[in-house]
Amino acid sequence: MTQPEVRESEAVVEQTPDEYQPELIEPAWREKWEESGLYRQEIERDRPKHYALTMLPYPSGDLHIGHWYAMTPSDARARYMRMKGYNVLFPMGFDAFGLPAENAAISRGIHPKKWTYENIARMRTQMARMGAMFDWEREAVSSDPQYYHWTQWFFKKLLEQGLAYRALASVDFCPQCNTTLAREQVWGEDRHCERCGTPVIKKEMEQWFFKTTEYAEELLDFEGLDWPERVKTMQRNWIGRSTGAEVLFRTEAGHEIPVFTTRPDTLWGATFMVLAPEHPLVDEIATPEQQAAVDAYQLQAERMSEIDREAADRPKTGVFTGAYAINPVNQERIPIWIADYVLMAYGHGAIMAVPAHDERDFEFALKFGLSILPVIERPDGLTKSYAMKGTMKEGFAAALDAEGIAYVEEGGSTYVTLAPERVADYVRVAQAHLQPGSWTEVVGTGWTFVFPDEWLVLDSLKNERRILARCRELEPAVRDYQTVMEMLWGLDFYRDALYHSDYGTMIFSGPFSGTPGDVAKERVTAWLAEQGTGRRAVNYRLRDWLISRQRYWGAPIPIIYCDVHGAVPVPNEDLPVTLPEDVEFMPTGESPLKFHAGFREAPCPICGRPSVRETDTMDTFMCSSWYQYRYLSPGYEEGPFAPEEGDYWLPVDQYTGGIEHATMHLIYTRFFTKAMRDMGLVEFDEPMLALYNQGMVLGEDNEKMSKSRGNVVAPDELVDQYGTDTVRLYLMFFARWDQGGPWNYAGIKGPRRFLDDVWSVATADYQPADVDEAASRDLRRKTHQTIRKVGEDLESFSFNTAVAALMELRNAIMDAQREQNISQVVWEEAVDDLLLLLAPFAPYITEELWQRRGHPYSIHTQPWPDWDEEVAREESITLIVQVNGKVRAKVDVPAGISNEEAERIALAEENVQRWLDGKKVRKVIVVPDRLVNIVV
RNA sequence: GGGGCGGUGGCGAAAUGGUAGACGCAGCGGACUUAAAAUCCGCCGGGGGUGACCCCGUGUGGGUUCGAAUCCCACCCGCCCUACCA
C-alpha cells in the first residue's frame, strides 16, 4: 500500500544533544509535522478508509488530564490503523455553545463569544502539545455561524419531515421576576428562585420538540453494531418499551379515560383509578365538595419539579376527586383519585390501580384505605402456605361452614375468619355473608375485619384471637384508618398475603377465572378488543426531545411568528439566523434575545407583515448530534457536508468517549442519522459502527477531580517536567483504559525511564563481541512476539499491556546490549521494530530516533512491521508437572513434544516420584506444551 | 428499589479453565560517589526448613472439575448509572 509523505531524511533540530531532552525535540517535530502536512487527511480512493472519532470537548477553559486520557489512547489507535495501511481520518473540534459561557458573561461581564473563543484558542495550543494526529483543517466549532447555519438547516429539514413540532411544556418560572428559570437557577428543597427567593412554579410554554419516539422501535435495534453491552442495555432501559393494553374506562358521567396497562390480566382487581394532577379531565370531574382539596393538591404538585416528584421513596400523596369510574370488565364502580405518582408524560397520564398486584397502588391503597383485591393466585402458593391448619382455634375450625367461613360471637363482637384457601376471596365473602351496614370496609386477608365503631386487628395465625389493636382504646390520637394500616404494614405477613406482582392463574375474574398466567395477558387483551373496550398497545418511556432553551448562547431556532401565517421557517437564503453580539446580559434568566429589538423584529417571510422571531435557541445536544458529518468539510457551503467526502469517509468506524453519554448524546445522534437517512442525505442507518468507552482518571485521593477538592492534575506541568511522550505513555500504562483509576505521581517515572532507555539503545553504537546464535534467535523471537502482542492489544484497546510488552522488549534489548552477543542484524531489527511499535504511543521520540538512525521521514507513515509465526514460536517450554492438581515439578522441554514423551518426562522427575511413592496412578492429563497432571 | 462495574502483594496492575502476581511504582541489600541524586547489579505475597522442598494465599461460604482468581449458587463490601414508566 502506498504511504504518503515519505521524504528524505533531514535534520530537524540542528545540534540536538545526545541525551533525551523532550523539551527540545518535541516543539521542533511539531513544527516539522505541520509544515510537511503529515496529518492532512484526504480522500485516497485506493486505500481503505478508517474514520476514528473521539468525543469533542466543551471549551471550558483548560485542557485537563481527562481530555488527555480520552484523546491520546484514541490517537495511538488511530496512528496504529494508519501504519496498518488505512487512510485514517481523526478530526477534532469544539462543542462550543452552552450555559457556562453565559454564566461567565453574567458573573464576570465577559461576552460569551469572547469567553468561548479565548478558551478555544488556549485549548487548541494545549492540544497541539499532545502530539495527536488531528487534522486541524477539518476542525469544526459548533458556535461558528458557518456551523450553526447547518444546525438551523437541519431544524428546518426535521420540520419538513414532520419530525419537529411545537407543543406546550412546563418550565420553571419565577412569578416575582416574571421569567423562566434554568434548572440550575432553582435552589433548595422548597425550589425557590436563585435571586429573589420566591418559590418557583411550573409554567406551560410553547416549545419545540423532535419526535425521537418516532424511531423508538428502530433505536432498539443494535444489529451489526460493535457497541458495549452496557451501553446497549442503558439505551434499552432508557427507551423502555412496554407491551400491554390500552383500556377505556368511563366516568359515571360518561367522560372517557383511556389508560395503559402492562397487566390487563389484573383488570378485575382494579379498585380505584388515579389521574396525574395535571390531567385535563380533573377539573371537569371533580365534585364541588372535593374541588377545594383538588385545587390545593394541584397547586402543590405544580411547584415540584419532575426530579422531586420522581424521588421514589417519597410517601404517597393524593386527593379524592369525588368522581367514580366504571370498570369496563365488571361494571364495578371505583373511585377516581389524583396523585403525583402518576406522571402525565407517560401513557395517558391515568392509571387503573390494582393494589393487590402493583406495589405503588398497594402503598397508596393502604395509606388511603382503599380496597385491595387479589385476582391473581400466587404462583408459589405462598398464600396457602400460611395455613392455619391445625393451629386454628377450635371454635373457629368447628364453625367453618361449607364455604370455609366461620363466624364466632364473643363478648358482643362478631369475629369472622376464613379457611386459608379462601383468603384471597375475602371481599366477596364478606360482601356476601355479612349484613349490609354491619361493616364499613374490609381491609385485610381473612384475618382482619373492620366493624363499625371498633377497629379490630386480630392475629389468628398464632392460634389465638389476640387483639393487636383496638382502636377505640387508642383514641383519639390514632383512631384512623391510616394508623391501623401503618401498623398492618409493619407485619410482613399481611403484605405477603395481600400483595404480589407475579403472573399466575386468574381468580375472581368473572369468565376468566382459572386462566393460566402464561396466556392470561394475551387472552384478556384479545377479549378487550372484541368488546371494543381496549386494544393491544406498546408504550415507551422515551419521550420526544425538547430542544427549546430560553438562552442566548446557542443556535437560534430559525422561525418567525406571523399573526396570519403562524410559525414560518426562515427561508434558506436567509440562513444562518445569526446571534446578535450587542446584547446586554442582565441577570434576569431570560434570553437577552427577547429584549433585542433588532433581532426580535422581522418581517414574515411569506407576507412581509411585521412579525417576531423565535427567541429560544436550540439545545446544544442538537449541535453535537451531527458534528461527525461537519468534520468532513467544515467550510462547505452547499450543505451540511460535501457528498463526495461523505461517500468516502462515512460512517464513523470507531467512536471513543465516556460512558456518561451512553443515553442522551448517543441516542440523539442515532436519531439524527436515521432522520438523515429518511431525508436521503445518507444511506446507512447508524452513525457509529463501533464504540468503546474509556474510564475516568481520578485524583490521587481516589475522588473525582475538582478544583474545590484540590486534587486536579495539570497536564501542562507534567509535560514541562517529563515531556509529552512520557505523559501519553503513562496515561496508557497506569490502568486499564476502560476502567481508569486514581492518578499517582510517583508512577510516571517508570515510563520516563523506559523512554530514556529507548533513547540509549537507539543511539548506541552496537558492536557484537561474540555472536551467540541461540541468544540472537531469542531476541529475534522476542521481537516478533512483541509485534504480535502490541498489534493485538491495540486492536482490543489494551493499551496498558501493550506498553508492558514494549517494556519487556526494552529489557531484552538491554540484556543483549550488556552481553554483546547478539548479531548486528538482529540487534538493528529489534531496535527499529521497537521504535515502530512505540511510534503510536510516543510520536516525538520515535520520530527523532528514527531520523537519527538514518531512516526516511516519517516513522508515522511507515508500514506496521510484520511478524513471522515461525520466528515467534517458542523453541522450548516449561512443562508444569502436577500431582493431583498441585505443582510438583517444572521441566524445560522442547516445544511440540508428544503427549507420551511429556508424560514420560514428567513421571521421571524425582520430586514427582516422591509424591507418587506407593500410590496407584489413576489418570494422566496432558495439556500439550503446557502441563501434565498425574491423578493418583 | 432496578441496572451495571468491580474486590488479586505495600501500591497501580497481569493472568478469563492449566506455573497467580507479567510490566511498572515504592521498599530493602550491594556497586559507583567525599556525600546525595542519577545510574547499574540483586532481592521483593505470608509462614516453615541448613537444604532438596513443604504449607498457606486472589472479599466470604459452598459447588462443578484431574485442575478454579477465572465457571455455577448464596452472601458481604465498594463505586457508577438510573429511579413512582402503570
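Hydrogens, waters and symmetry mates play no part in the numbers below; they use all other heavy atoms, side chains included. The sequence lines fix the lettering, A, B, ..., with proteins before strands; numbering per chain opens at 1.
Checking B/A22, B/C53, B/G3 against every side-chain atom of A/Asn911, the shortest atom distance belongs to B/C53. Of the candidates B/C23, B/C40, B/A86, B/A86 carries the atom nearest the A/Ser242 side chain, counting heavy atoms from C-beta on. Listed nucleotides B/A86, B/A26, B/A22 differ in distance to A/Glu808; the shortest reach to its side chain belongs to B/A22. In this structure, of B/C55, B/A22, B/G3, it is B/A22 that holds the atom nearest to the side chain of A/Ala804. Comparing B/C40, B/C25, B/A86 against the side chain of A/Asp757 picks out B/C40 as the nearest.
Nucleotides B/C28 and B/G9 have their C1' atoms positioned 15 Å apart, rounded to a whole Å. Between B/G51 and B/G57, the two C1' atoms lie 24 Å apart (nearest whole Å). Rounded to whole Å, the separation between the C1' atoms of B/A26 and B/C11 comes to 7 Å. On the P atoms, B/G24 is 40 Å away from B/C76, given to the nearest whole Å. Rounded to the nearest Å, the gap between the C1' atom of B/G45 and that of B/G27 is 14 Å. Across B/G21 and B/C77, the matching P atoms stand 32 Å from one another, rounded to whole Å. Of the P atoms belonging to B/U65 and B/C55, the separation is 23 Å, rounded to the nearest Å. The C1' atoms of B/G1 and B/G62 are separated by 28 Å, rounded to the nearest whole Å.
Atom-to-atom, CZ of A/Arg914 to P of B/A52 comes out at 11 Å; the value is rounded to the nearest Å. Here the P atom of nucleotide B/U39 and the CZ atom of A/Phe754 are 15 Å apart, to the nearest Å. Atom-to-atom, CD1 of A/Ile257 to C1' of B/A86 comes out at 15 Å; the value is rounded to the nearest Å. Note: CD (A/Glu363) to C1' (B/G1) measures 11 Å, nearest angstrom. Put simply, CZ on A/Arg818 is 9 Å from P on B/C40, counting in whole angstrom units. Atom P of nucleotide B/C41 and atom CD of A/Glu819 are separated by 11 Å, given to the nearest angstrom. Rounded to a whole Å, the CG atom of A/Asn693 is 14 Å from the P atom of B/C81. For the pair A/Phe272 CZ and B/A86 P, the computed distance is 16 Å after rounding to whole Å.
Proximity of A/Trp238 to the phosphate of B/A83: no side-chain N or O atom is located under 4.0 Å from OP1 or OP2. In this structure, A/Lys923 does not reach the B/G67 phosphate: none of its side-chain N or O atoms is under 4.0 Å from OP1 or OP2. In terms of phosphate contacts, A/Arg888 brings a side-chain nitrogen or oxygen within less than 4.0 Å of OP1 or OP2 of B/C55. Distances shorter than 4.0 Å separate none of the side-chain N or O atoms of A/Arg752 from OP1 or OP2 on B/A38.
Note on residues 920-929 of chain A: no pairs pass side chain to side chain donor-acceptor pair (under 3.5 Å), not counting sequence neighbours.
Pair assignment for B/A14: none, as no Watson-Crick or G-U wobble contacts are both less than 3.5 Å. Using N1 to N3 plus N6-O4 or O6-N4 for Watson-Crick, or N1-O2 and O6-N3 for G-U wobble, each under 3.5 Å, B/G1 pairs with B/U82. Nucleotide B/A20 forms no Watson-Crick or G-U wobble pair with any nucleotide shown, as no partner meets the under 3.5 Å limit on both distances.
Among the heavy atoms of the strands, none lies under 4.0 Å from A/Asp361. Among the protein residues, A/Met696 comes within range of no part of the nucleic acid, since none of its heavy atoms lies under 4.0 Å from any strand. Nucleic acid contact class of A/Trp915 (heavy atoms, under 4.0 Å, all strands): sugar-phosphate only. At a threshold of 4.0 angstrom between heavy atoms, the contacts of A/Arg241 with the nucleic acid are absent.
Between A/Phe364 and A/Trp337, the ring planes lie perpendicular to each other; the angle is over 60°, past the 30° to 60° tilted range.
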With a 3.5 Å cut-off and sequence neighbours excluded, list the donor-acceptor pairs that the side chains of residues 896-909 of chain A form with protein atoms.
from	atom 1	to	atom 2	distance (Å)
A/Ser898	OG	A/Glu901	N	3.1
A/Glu901	OE1	A/Arg904	NE	3.4
A/Glu901	OE2	A/Arg904	NH2	3.0

Can I get a per-line list of side-chain donor-acceptor pairs under 3.5 Å for residues 805-812 of chain A, giving both atom names and the distance, sequence neighbours left out?
from	atom 1	to	atom 2	distance (Å)
A/Glu808	OE1	A/Lys782	NZ	2.8
A/Arg810	NE	A/Met807	O	3.4
A/Arg810	NH1	A/Asp757	OD2	2.7

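Both tests pass for A/Arg541 against the ring of A/Trp238: distance under 6.0 Å to the centre and angle within 45° of the axis. The cationic group of A/Arg736 does not satisfy the cation-pi geometry with A/Phe799, failing either the under 6.0 Å distance to the six-membered ring centre or the 45° limit from the ring axis.
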Can you check each nucleotide of nucleotides 4-20 of chain B against protein heavy atoms at under 4.0 Å and return B for base, S for sugar-phosphate only, - for none, in 5' to 3' order?
S-------BSS---BBS
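Scored by the side chain to side chain contact (heavy atoms under 4.5 Å, CB included) test, A/Lys232 finds A/Phe222, A/Trp227, A/Glu229, A/Arg236 as partners (sequence neighbours excluded). Every residue meeting the side chain to side chain donor-acceptor pair (under 3.5 Å) condition with A/Arg250, not counting sequence neighbours, appears here in chain and number order: A/Glu256. Residues meeting the ring-ring contact (aromatic ring centres under 6.0 Å, His included) test with A/Tyr730, sequence neighbours left out: A/Phe734, A/Trp743. Partners of A/Ser242 according to the side chain to side chain contact (heavy atoms under 4.5 Å, CB included) rule, which considers only residues two or more places apart in sequence or in another chain, are A/Phe260, A/Thr262, A/Tyr346.
Note that NE2 of A/His661 and CZ of A/Phe621 are 5.5 Å apart. Values are rounded to the nearest 0.5 Å. Distance check: A/Ile351 CD1 to A/Phe272 CZ gives 6.5 Å after rounding to the nearest 0.5 Å.
Using a 4.0 Å cutoff on non-hydrogen atoms, no part of residues 658-667 of chain A comes near RNA chain B.
The residue among A/Ile748 and A/Arg263 whose nearest nucleotide of RNA chain B lies closer to the 5′ end is A/Ile748.
In B/G48 the base sits anti relative to the sugar, since the glycosidic angle is further than 90° from 0.
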